[in-house]
Amino acid sequence: MMKKKDDGTVFGIGIYRKEQWPLLLETSEDRAGLEDTYEEWKQNLKKSLKNMRKLRMSPLGVDLDVNAFLSWCKTNNRQTNGASRAEFITELLRQGRGRKIEE
C-alpha cells in the first residue's frame, strides 16, 4: 500500500487473476486470512472500494501476477504473506503500474 499526504491518499490494491487464485492460496503463508474463493475475494473487494470512495480515498489497482510475486519473494528473501504482498504492490505502484479500478 502506498500513501500520499494531503493531495489525496492513494492506496494500491492487488488485483488477482481468477485462474491464479488457487496458486495464491496454495503458496501463501497466511492462507487462513484469505478468502476461500476468488468470488468471495471479489465481493469483499467491491465492499472495500465502496467504503474507500465514501471516504474520498483513491484506490489504484495493481495487477498482481502470483508467479511474479513468488519470484520476487524468492529474489528478495521475503515470506509469502500479506506484508510481502503489500511491499510488492508498493513496488509496482512506484513503477507506475497502478490503474483506476473499474467496477
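This chain uses plain numbering: 1 for the first residue, then up along the sequence.
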What's the shortest heavy-atom distance between Y38 and R17, and which atoms? CE1-C, 3.9 Å

For E91 and R97: C-alpha separation, side-chain torsions, deciding distance, then whether salt bridge (charged side-chain N to carboxylate O under 4.0 Å, His left out) applies. CA-CA 9 Å; E91 180 62 32; R97 295 169 86 184; over 6 Å; no

Please check this pair: side chain of S48 against backbone of N44, looking for a donor-acceptor N/O pair closer than 3.5 Å. yes

L64 and F69 have their tightest heavy-atom pair at CD2-CB, 3.9 Å

Sequence neighbours excluded, which residues qualify as salt bridge (Lys or Arg N to Asp or Glu O under 4.0 Å) partners of K42? none

Minimum heavy-atom separation for L49 to I13, with atom names? CD2-CD1, 3.8 Å

Could you please spell out the steps behind the side-chain hydrogen bond (donor to acceptor under 3.5 Å, both in side chains) verdict for E87 and S84? CA-CA 5 Å; E87 189 177 345; S84 294; 5.2 Å; no

Considering only NZ, NE, NH1 and NH2 on the basic side and carboxylate oxygens on the acidic side, decide whether E26 and R31 come within less than 4.0 Å. no

Any sub-3.5 Å donor-acceptor pair from N81's side-chain atoms to A83's backbone N or O? yes

On the 0 to 90° scale, with breaks at 30° and 60°, tag the W72-F88 ring pair as parallel, tilted or perpendicular. tilted

Does the pair K54 and K50 meet the rule for a side-chain contact (heavy atoms from CB on, under 4.5 Å), with working shown? CA-CA 6 Å; K54 280 182 184 177; K50 186 176 180 179; 4.2 Å; yes

Please lay out, stage by stage, how T80 and L70 fare under the test side-chain contact (heavy atoms from CB on, under 4.5 Å). CA-CA 7 Å; T80 54; L70 294 173; 3.6 Å; yes

One pair to check against side-chain contact (heavy atoms from CB on, under 4.5 Å): V62 and R99. What are the steps and the verdict? CA-CA 7 Å; V62 177; R99 60 175 172 77; over 6 Å; no

Side chain to side chain contact (heavy atoms under 4.5 Å, CB included) against L34, all qualifying residues, sequence neighbours excluded: L24, L25, S28, D30, R85

Verdict with supporting geometry, L92 and Q95, side-chain contact (heavy atoms from CB on, under 4.5 Å): CA-CA 5 Å; L92 295 175; Q95 295 172 15; 3.9 Å; yes

If every non-hydrogen atom of W21 is compared with every non-hydrogen atom of Y16, which pair is closest and at what distance? CZ3-CD1, 3.8 Å

Do you know which two heavy atoms are closest between P59 and M52, and how far apart they sit? CB-SD, 3.7 Å

Check L93 against G98 and note the closest heavy-atom contact, atom names and distance. CD2-CA, 3.7 Å

Sub-3.5 Å donor-acceptor pair from the side chain of Q20 to the main-chain atoms of V66, do we have one? yes

